[in-house]
Amino acid sequence: MARRRRRFRKLETVTVSAPRTRGEALKHRARRCAGKGEYRKAALALREAVALEGDAASWALLGDMLRRARRPSEAAQAFKQAEWLHRRAGAPRRAAVVARLLGTLAA
């Protein structure tokens with residue numbers, strides 16, 4: 001039998017930059033936990049990130065994670081806060097998207 005040649009594929013190197021702030025590190029941890037299906041742990045990490053940063057995007061991420069963790073009342077509060085912050089920042093389209101998420105939560 002003839003020997004087969006092994007062809008080695010050149011592996012692509014992906015550079016992952018380290019999180020710059022504590023809030024970014026917490027969001028990264030939340031994404032990792034969510035990937036494993038650990039939504040409550042992810043929600044805890046996002047609660048810390050919201051306490052540190054308090055921006056609308058963090059609130060929306062927290063609302064989504066609480067929705068996945070089957071905590072609809074807490075998710076609704078987080079989505080309301082995210083919508084309010086988006087409106088306050090002058091981003092009506094983003095506020096409308098968060099309002100739609102809030103509407104699907106109530107349905």
- [ ] Give me the other members of the hydrophobic cluster that Leu52 sits in, counting Ile, Leu, Val, Met, Phe, Trp and Tyr linked by side-chain heavy atoms under 4.5 Å, directly or via other members.
- [x] Leu26

Please report the closest heavy-atom contact between [X] and [Y], naming both atoms and the distance.
X: Thr104; Y: Leu101; value: OG1-O, 2.7 Å
X: Arg20; Y: Glu24; value: N-OE1, 2.9 Å
X: Ala42; Y: Ala30; value: CB-O, 3.4 Å

Task: Minimum side-chain heavy-atom gap Glu38-Arg32 below 4.5 Å - done: no

Task: Residue pairs, two or more places apart or on separate chains, that pass side-chain hydrogen bond (donor to acceptor under 3.5 Å, both in side chains) and touch residues 92-103 - done: none

Open item on the list: Once side-chain hydrogen bond (donor to acceptor under 3.5 Å, both in side chains) is applied, what residue pairs with a partner in residues 76-90 remain, sequence neighbours excluded?
Closed with: Glu83-Arg87

Open item on the list: In this structure, would Val98 and Val50 fall into the same cluster of hydrophobic residues linked by side-chain contacts under 4.5 Å?
Closed with: no

TODO: Apply side chain to side chain donor-acceptor pair (under 3.5 Å) to Arg40 and list each qualifying residue two or more places apart in sequence or on a separate chain.
DONE: none

Using a 3.5 Å cut-off and no angle test, enumerate the donor-acceptor pairs between side-chain atoms of residues 56-76 and protein atoms at least two apart in sequence or in another chain.
| residue | atom | partner | partner atom | Å |
| --- | --- | --- | --- | --- |
| Ser58 | OG | Lys27 | NZ | 3.1 |
| Ser58 | OG | Glu53 | OE1 | 3.3 |
| Ser58 | OG | Asp55 | OD1 | 2.4 |
| Asp64 | OD1 | Arg67 | NE | 3.2 |
| Asp64 | OD1 | Arg67 | NH2 | 2.7 |
| Asp64 | OD2 | Arg68 | NE | 3.4 |
| Asp64 | OD2 | Arg68 | NH2 | 3.4 |
| Arg71 | NH1 | Glu74 | OE2 | 3.4 |
| Glu74 | OE1 | Arg47 | NH2 | 2.4 |

